[in-house]
*Asks:* 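Pasting in a structure now, in structure tokens, and then I'll have a few things to ask.
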Amino acid sequence: MFSYAWLILALPLLGFIGLSWFGNKISKKQAGYAGCATVGLSFLVTLVVLSELLALEPEKRLGHVETLYQWVSSGSFKLDLAILIDPLSVFMFLIVTGVGFLIHVYSIEYMKGDPEYSRFFAYMNLFIFSMLLLVAAADFFFLIVGWALVGLASYLLIGFWKEKTSAVLAARKAFVMNVIGDVGMVIAALMIFQNFGSLSYMDVFSAAPDQFRSNDDTMVMITLLLLVGAFAKSAQIPLHTWLPDAMEGPTPVSALIHAATMVTAGVYLIARCHVLYELAPITMYLIAGVGALTAVFAGTMGMVQYDIKRVIAYSTMSQLGYMFLAVGIGVFSFGMFHLMTHAFFKALLFLSAGSVIHGLNGEQDIRKMGGLRFAMPLTHITFLVGAICLAGVPLTSGFFSKEAIIMSSFHAEMGNIVFWAMGVLTAGMTGFYIFRVYFYTFMGKSRNPEAHPHESPKIMAGPLLILAFFALVMGFSAHWVDQFLGPVFGVAAHHYEDSMLEAIVVLAGLGGILIAGIVYMTSKDKLEFAKQALAPVYDVLFNKYYIDEIYDFLIVKPVRAIGAFFEQKVEKEGIDYVVDQVGSQVRGISQGISFLQSGKIRTYALNMVVGMVAILLFVVFL
Amino acid sequence: MGNQFVLIISASIFCIGTVGFLIRRNPLIMLMSVELMLNSVNFLLIGYSSILQTLDGQIFALIILTVAAAEVVVGLAIILTIFRTRHDLNVDHINVLKG
Amino acid sequence: MGITEQGLLERDKDTMTLNMGPSHPSTHGVFRIIMEMDGEVVLFAKPEIGFLHTGIEKTSENKRYDHVIPMTDRLDYLAPPMNNLAFCLTTEKLLQCEIPPRAQYLRVIMCELARIGSHLVWLATHALDIGAMTIFLYCWREREMVLDLNEEISGVRMMTSYIRVGGVMKDATPEWLGKVRKFVDYLPAKIDEYELLLTNNPIWLDRTRGVGVMTREEAINWSLSGPALRASGVDFDFRKKRPYSSYENFDFDVPVGKNGDVYDRYLMRVEEMRQSRRIVEQALNHLPDGPYKVQDNKISLPERDTLHTSMEALIHHFKLVSEGVNVPEGETYVPVEGPRGEVGFYIVSDGSGVPYRVKLRAPSFMAIPGMCKMMDGSFIADVVAIIGSIDIVMGEVDR
Amino acid sequence: MFEITYEVVVFILGITAVLAAFGVILCASPIYCALYLIGNMVCFALLFLLFHAEFIAAAQIIIYAGAVMILFLFIIALLGGAKEIAEPSVQRSSAFAFVILLFGELLLAAGVEPTRPITGDLAPDVINAIGSAKAVGIELFSRHLIAFELASILLLIATVGIICLAKYSYLPARKPSK
Amino acid sequence: MWDDILQFIDPVLNAGFIISTIKAVVIASALLGIVPALVWLERRLMGRFQVRLGPNRVGPFGFGQPIADSIKLFFKESIIQSSADKFLFHLAPAIVVFTAIVAFSVIPFGESVTVFGEEIGLWGANINSGILFVFAISGMGVYGMVLAGLSSNNKYSLMGGLRSSAQMISYELTLGLSALSVIVLAGSLNLIDLVDSQKTIPFILVQPLAFLLFFIAGVAETNRAPFDLPEAEQELVAGFHTEYTGMKFAMFFMGEYINMVTMSSLVTLLFLGGWNSYGLPLWPILAFAGKVFFLLCVFIWLRSTFPRIRYDRLMTFGWKILLPLCLFNLLVTAVIKVLYFPTGIL
Amino acid sequence: MIRATLAGIKNLMIGMGVTFKNMLSKPVTIEYPEIKRTMPERFRGRHFLNRDENGLEKCIGCSLCSINCPVGCIHVVSAENDPENRVSPGERYAEVYEINLLRCIYCGYCEEACPVDAVVLREHYELADYDRDTYIATKEDLLVYPEPNQFRVNILGNTERINNK
């Protein structure tokens with residue numbers, strides 16, 4: 001029925017292979033168009049799949065496994081090259097290919113000056129393919145393959161400017177963090193295979209509720225291990241440190257990784273495995289807690305950063321926190337909805353930021369920007385749209401999705417006031433930091449007299465406008481998304497009405513904006529006292545809570561210190577002396593018996609035979 | 001032929017291979033002796049695969065065949081490299097490992 | 001591993017000395033190469049010559065000038081007229097006699113036919129060395145026609161001795177000229193056929209391209225000459241640069257190569273065949289009338305039919321036959337462009353009828369060191385190709 | 001009747017294999033050793049045929065006798081097959097002693113009854129009906145897939161290793177003139 | 001007592017055994033008889049390619065020439081140089097001829113016919129993995145060349161032997177893998193089944209690339225020009241058989257020509273549809289013979305046209321071009337077969 | 001690369017086409033012992049001593065041929081003619097006239113030197129024999145006989161020897 005659906009995967013793969021083989025034989029323009037075309041066509045195929053899916057009855061939309069090829073059939077272990085078509089995966093396809101396509105188009109212009117243009121597009125196509133594979137996988141095996149490939153592609157892309165040391169280091173960091181997650185995933189997959197005898201989603205999910213009670217140890221273990229992977233990929237505490245560093249890659253990469261695809265994989269994974277997670281409420285609480293915590297935590301860090309991309313990166317973490325909170329409290333479709341709206345406005349923000357950076361010839365420090373609203377009117381508008389969506393100004397998409405999550409965090413079965421409070425706090429901070437960036441960048445006067453900002457070309461503006469449009473209007477599709485995803489999660493999430501709480505959320509967001517306006521639009525001098533007072537807090541926040549340093553202090557330093565101690569004291573003064581003495585004594589003895597260590601292979605072999613005789617003697621006669 | 005015959009032939013060839021490995025000084029012939037030993041095991045496996053009427057033995061033999069091919073190729077390459085650097089093929093003269 | 005001298009000496013221990021020749025199918029005669037081989041790769045090659053030593057240079061010191069000519073035939077036995085011409089030009093320079101234009105044109109026709117014939121043999125054997133057997137017989141088929149022409153004008157297929165001091169042996173008959181014209185018209189199609197078989201054949205390209213490369217400087221320094229020199233990009237041809245025997249009257253191109261590899265030498269020679277054909281065609285079209293040898297009876301024999309009528313002619317005949325040409329005292333050297341390169345005789349005369357010293361500059365001999373240099377680092381199969389591409393003739397190497 | 005012929009042939013081949021094995025370890029010249037080893041392998045291949053393992057027999061000949069032993073001969077040709085003179089030593093005699101001991105033990109072990117015979121149902125006629133190659137293939141790609149993949153990885157590693165070991169630059173140079 | 005003995009040998013004397021023996025004798029002697037004919041064909045055809053006549057003095061059209069040659073070779077003194085390894089020197093040509101003949105023994109050349117009520121298959125033996133058998137045995141043939149090279153104590157021979165071993169190992173892979181793509185299509189290793197599965201169309205139309213690769217590798221396997229490196233006469237004088245004279249030299253020749261016949265038959269069986277005549281009114285065996293004859297002529301044609309490939313190029317060609325192509329072809333074939341024709345093509 | 005490969009295959013095919021075309025053409029060889037070429041007039045084959053129209057030997061024994069021979073393979077001993085029984089038209093004749101055919105290089109210098117057209121090199125080229133002695137051509141071997149066949153004398157090759165020493 002969806003036999004052509006594998007085209008969605010095949011096209012970007014084709015693009016990757018083609019561009020990496022013939023990339024240097026074709027012109028830049030051709031490479032760029034080829035890279036875009038594969039993703040664009042993939043998007044079109046997705047649309048066709050979607051239309052076919054919509055033509056079906058809602059309950060028949062589940063579980064279409066398209067087997068391309070029976071790969072391994074070894075005894076009980078079966079592995080098919082198959083993709084899963086259901087509303088969830090198609091939903092993800094739409095986001096990945098749609099937003100990915102826009103980012104590709106944007107990159108055509110953005111990466112124009114780069115000498116390794118075709119390599120860039122090859123990697124981008126690889127990334128899209130890996131992400132699609134991750135999403136389309138019908139079993140845990142291909143999920144892990146996609147998972148690892150996404151990691152690889154992100155490594156390649158973050159370290160794309162390989163002559164930049166920081167980029168390479170960041171890429172390595174991201175890779176290591178991801179691999180930590182992969183290990184968890186692999187162990188989880190092995191446990192699943194051990195318990196269910198299959199890796200297929202269908203088999204596992206149908207067998208799980210019958211096989212395990214709620215909060216069964218095994219189930220908790222599996223879900224926790226899966227969670228490790230999800231946390232690593234979605235940059236949740238404590239595996240979040242790679243994400244801000246990943247901003248070293250080109251801006252379209254940041255947009256692709258942080259908006260549409262990679263970081264959402266964790267959310268997708270939990271949503272996909274909701275059957276398992278529903279069997280392990282403890283894990284759910286953990287997810288919600290970590291999500292809320294990350295949201296607050298990243299929000300605070302985002303408030304003080306000066307790198308435009310870093311701020312947006314922290315906001316990504318923060319918004320991912322929302323999504324985790326959502327899936328943690330069991331409102332999966334809200335999580336997915338927020339994932340979608342976030343994909344639009346975050347891609348929009350990143351691309352606008354990229355446009356700013358492009359216009360300022362690579363400048364990323366917001367302190368050196370300012371007054372760009374005149375120089376770059378279009379970018380100004382698109383950024384503003386992204387900012388109000390992110391800040392949750394009413395009637396924008398961010399408002400609908402965020403509000404739904406925060407409402408549920410209070411009202412839903414697993415919600416409570418703490419989650420709600422953290423959500424509201426984060427909402428306020430969100431408004432603050434994004435408008436801080438906005439004011440810094442677009443308002444006021446230019447702080448850098450040498451900068452000559454210019455508006456980005458049309459080909460970059462197109463995707464921005466499209467994204468801005470969707471970011472504004474997609475909020476109204478909330479009901480439809482619920483309807484569409486409902487069958488996957490068993491039941492559509494309930495929409496809670498509580499005008500008081502809603503008002504608080506809105507006010508929090510608007511308040512954040514207002515404070516930002518007051519702080520950054522007024523004269524500096526009046527705030528000097530506040531700065532003085534908040535300096536320690538500011539330092540902590542600016543240094544990202546010293547997390548890297550804490551890791552350094554807690555793990556690296558002690559190990560080094562212990563090592564140094566052992567090296568200096570214990571080894572040199574204590575052991576060495578003993579060893580020297582022992583050694584010189586032993587040398588005398590060993591020289592006597594060194595004929596055993598003759599260096600001749602045949603002697604060793606003879607020893608082996610003697611041993612064999614002895615062992616056989618033992619086995620046979622005793 | 002009963003399984004005793006298979007066992008005896010296999011055991012004798014295995015022992016002959018062992019002796020060859022122990023008494024010869026030419027690494028090529030030592031490698032050949034190892035082949036003999038591997039072959040004897042193969043023979044045992046296939047003989048028993050026929051006697052027990054399963055194919056597991058044949059599969060094992062096939063894997064051993066692969067391993068043996070890899071081993072020989074690498075072994076010969078090592079011998080060739082040693083000969084190129086030392087111009088000598090007597091294993092007793094190669095005692096870098098001497099303690 | 002970089003090759004240092006020490007490394008080389010270390011490695012010498014597991015090299016193999018391969019002795020190619022003196023009787024080997026593709027050393028083109030009794031030529032011996034002693035090669036140090038590492039597997040299939042030649043580390044260095046050392047030539048050894050002298051198996052065909054005939055002592056022609058020394059013998060010439062005891063022969064009258066006209067008696068040397070049949071001997072020069074035996075030097076480069078694939079293109080004897082070239083040697084005859086070189087010797088005769090040198091002697092004539094010492095004699096300071098003017099050669100009639102018809103004789104000069106006939107010499108040119110013979111030489112260029114010889115060049116075609118020689119290159120055909122070269123192509124045949126070279127291709128056979130590389131393994132293409134059939135083209136051998138195709139070339140032989142055409143070469144047979146050259147030999148037939150030789151036979152008809154001089155009486156002998158190979159050792160023509162046609163070019164003599166003072167002119168040529170006998171005048172060309174109109175029938176013969178007609179046959180030459182027929183041959184000239186017939187040849188181009190056949191050359192195209194060889195090219196179809198070889199020039200673009202990937203195996204042929206594989207075997208010849210990038211093999212035995214000699215750069216321009218190397219080629220000059222290793223004193224290559226002829227097509228091998230031109231293949232390395234040096235535009236030098238005696239026929240153009242220092243015209244002799246009325247070559248200045250002919251319009252032809254000198255092909256020049258770029259890479260100096262075996263393939264370029266092949267292309268040079270094939271193109272030279274075409275150019276030689278052009279020269280022959282022009283010579284036929286503009287063949288002047290007149291005597292075919294010097295009308296001085298002290299240098300060339302009187303016409304046979306005058307012997308019975310003229311006593312003076314008979315006396316000259318007797319004198320010339322029994323004493324030979326008396327060449328004035330002096331020494332000189334005249335090079336000509338042979339099919340293998342510069343052929344030249346250096347003659348010292350003491351005024352008697354016998355040369356005091358004759359020295360041959362043989363192109364093959366001069367090319368052998370360079371040839372062995374090319375072999376360094378090539379495969380044994382390339383050695384064969386390189387020998388073929390230089391086209392050595394042991395007759396003139398050992399002499 | 002056929003049974004007796006069959007057993008006689010098996011017996012003869014077995015004995016020949018043993019004799020060939022003796023040849024391998026007793027010949028002075030490596031070339032002859034290699035030849036005896038080929039003989040041994042051919043005997044084994046024929047025995048495999050008689051044990052209804054056609055595919056393994058063919059693989060044995062193609063891989064062992066056709067490729068591996070050619071490599072041996074190749075190396076012998078490269079290195080020169082120097083003869084080896086045997087000389088008695090403690091090493092030799094102790095080797096003989098221990099190996100004879102080992103052989104004795106193995107023979108005794110052969111007398112022990114198999115404790116857990118795992119028999120299958122693939123009688124010769126069943127295999128013949130499927131075809132030896134097919135049967136082995138089915139088995140290999142279903143139950144022993146992991147082993148197969150591992151073996152293929154091993155081969156790959158061996159390939160890489162051999163290339164690393166044997167890679168040898170041909171940078172010839174003219175001998176320094178004296 | 002005699003009764004017992006008779007009873008013992010009775011099963012030996014049954015029809016199957018006798019027929020097998022007769023078949024073996026017939027095939028072996030036919031093969032040995034083909035060799036002179038093939039020599040004649042090669043020399044005449046080469047002559048024609050080279051615008052000359054070829055041998056034409058002994059007998060009509062020179063038919064007697066190969067016979068005269070073989071008589072000469074029979075009675076020629078067999079010279080063995082004193083430094084050669086005598087045993088191996090004698091053994092090498094025997095291996096070549098033996099393996100060549102044995103490899104042919106499983107080649108079928110027609111359907112079975114009924115003679116005197118006995119159904120006789122036109123093949124030496126019909127074994128299940130016939131093609132594996134051919135590869136195995138013909139792979140053994142290289143021992144003859146290597147041993148000849150080793151035992152001659154001549155550097156040219158040694159290099160010829162080394163070349164032949166390297167060449168055989170390299171090209172056997174291509175040979176096997178390209179045959180494999182056909183085997184995948186037919187789903188059988190049995191040569192007769194392979195032919196039967198080409199009833200409608202020959203595999204050359206389905207697998208042109210495999211055919212080309214197989215043929216090239218086949219030419220290389222039989223050491224024929226342009227792959228005749230082991231005996232490259234312009235470089236290595238005569239390669240591994242430089243030192244051989246008389247009958248032993250002739251045996252190498254016999255081996256080479258029989259291998260040519262085997263290889264042509266194999267190509268015919270695998271790719272040209274064996275004895276299927278595809279509508280032409282031909283006896284099956286004539287169809288088969290005609291195809292083999294054509295391929296033999298192509299062998300000769302190739303020899304007369306192409307220069308010889310260089311050793312390193314040969315290796316590069318085999319490993320870097322033919323082998324990847326083979327693998328690619330096999331992969332594509334297997335994928336197509338699995339996806340679209342899981343039950344068998346045609 | 002693909003284009004190069006295709007071009008290579010094309011050129012290989014062209015080569016095969018050339019050989020095939022030549023296979024269909026007429027062979028250029030002639031079947032020698034049955035069919036013999038007619039040699040050109042100037043062909044320098046074996047030597048002959050001519051006779052004049054009276055059947056006398058033309059050679060006058062002047063030894064110019066011997067002097068002009070670059071390799072010195074001609075041996076002439078002259079003698080006075082007996083007026084009654086003339087051998088040659090001149091005063092003297094060659095009593096001994098020998099040519100060492102193994103040494104001769106067939107350069108034709110003797111022919112050029114001869115003032116009376118006595119020694120000539122003719123179109124006879126089948127000079128192979130099993131016996132070295134026969135290569136010392138004496139006067140009997142060299143002289144042509146007027147009737148019926150000029151070339152009856154033939155020491156070498158395919159016709160029988162006339163003189164039976």
Side-chain angles (χ1 to χ4, degrees), chain D residues 1-6 8 27-32 34-35 37-39 41-42 45-46 48-49 52-81 83 124 127-137 159 163 170, chain E residues 7-12 14 17 85 87-88 91-92 95 99 127-143 145-147 149-153 155 157-170 172-173 175-176 180 183-184 187-190 193 240 312 319:
Chain D
M1 187 62 236
F2 180 69
E3 280 307 308
I4 292 172
T5 329
Y6 175 82
V8 166
C27 267
S29 154
I31 299 179
Y32 282 89
L35 283 183
L37 187 52
I38 295 166
M41 284 164 178
V42 171
L46 292 174
F48 293 171
L49 267 184
H52 307 285
E54 273 182 37
F55 182 71
I56 305 288
Q60 167 101 353
I61 296 270
I62 291 176
I63 295 174
Y64 257 134
V68 169
M69 292 317 291
I70 285 289
L71 266 182
F72 264 109
L73 282 182
F74 192 90
I75 300 292
I76 291 169
L78 272 183
L79 305 187
K83 288 193 178 176
I127 294 179
N128 274 345
I130 312 173
S132 171
K134 206 167 185 172
V136 171
T159 315
I163 290 170
Y170 283 116
Chain E
Q7 202 183 355
F8 187 78
I9 60 174
D10 178 50
V12 175
N14 67 14
F17 187 83
D85 187 321
F87 175 71
L88 296 182
L91 182 68
I95 291 179
T99 53
I127 67 175
N128 248 335
S129 358
I131 189 156
L132 278 181
F133 183 85
V134 176
F135 286 149
I137 299 299
S138 66
M140 297 287 280
V142 70
Y143 281 110
M145 296 174 198
V146 177
L147 290 179
L150 273 174
S151 63
S152 294
N153 199 12
K155 284 168 184 166
S157 303
L158 185 65
M159 288 179 77
L162 285 178
R163 279 182 176 193
S164 67
S165 58
Q167 182 176 335
M168 281 286 194
I169 291 179
S170 309
E172 200 148 272
L173 285 174
L175 200 69
L180 212 53
I183 292 166
V184 164
S188 170
L189 288 168
N190 187 323
D193 290 355
F240 58 90
D312 64 322
W319 287 103

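All values reported here derive from a predicted model rather than from experimental measurement. Lettering follows sequence order; numbering is per chain, from 1.
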*Asks:* Please flag which part of Leu162(E) lies under 4.5 Å from any non-hydrogen atom of chain D: side chain, backbone, both or neither.
*Replies:*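 Both parts, backbone and side chain.
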
*Asks:* Identify which part of Leu91(E) has an atom lying under 4.5 Å from any heavy atom of chain D, answering side chain, backbone, both or neither.
*Replies:*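 Contact with chain D involves the side chain of Leu91(E) alone.
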
*Asks:* Check side-chain contact (heavy atoms from CB on, under 4.5 Å) between Ala136(E) and all other residues, then give those that pass, not counting sequence neighbours.
*Replies:*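 Per chain and number, Ala136(E) pairs via side-chain contact (heavy atoms from CB on, under 4.5 Å) with Ile61(D), Ile62(D).
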
*Asks:* Please lay out, stage by stage, how Ile31(D) and Asp85(E) fare under the test side chain to side chain contact (heavy atoms under 4.5 Å, CB included).
*Replies:* CA-CA 10 Å; Ile31(D) 299 179; Asp85(E) 187 321; 5.5 Å; no

*Asks:* For Ser157(E), enumerate each residue passing the side-chain contact (heavy atoms from CB on, under 4.5 Å) test, keeping only those at least two apart in sequence or located in another chain.
*Replies:*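 Scan of Ser157(E) (side-chain contact (heavy atoms from CB on, under 4.5 Å), adjacent residues dropped) gives Ser152(E), Asn154(E), Thr242(E), Glu243(E).
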
*Asks:* Most heavy-atom pairs under 4.5 angstrom with chain D, which of Leu158(E), Leu147(E), Leu189(E)?
*Replies:*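 Looking at each option in turn, the highest pair count goes to Leu147(E).
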
*Asks:* Quick one: CG on Leu35(D) to CG on Leu150(E), what's the gap to the nearest 0.5 Å?
*Replies:*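 Here the interatomic distance stands at 9.0 Å.
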
*Asks:* Mind checking whether Leu132(E) and Glu54(D) have side chains closer than 4.5 Å, heavy atoms only?
*Replies:*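 Not touching, per the 4.5 Å side-chain cut-off.
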
*Asks:* Measuring from atom OG of Ser165(E) to atom CD1 of Ile75(D), what distance do you get when rounded to the nearest 0.5 angstrom?
*Replies:*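 Spacing of OG (Ser165(E)) from CD1 (Ile75(D)) equals 9.5 Å.
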
*Asks:* Taking all non-hydrogen atoms of both residues into account, name the closest pair between Ile70(D) and Tyr143(E) and its distance.
*Replies:*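 Closest approach of Ile70(D) to Tyr143(E): N-OH, 3.7 Å.
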
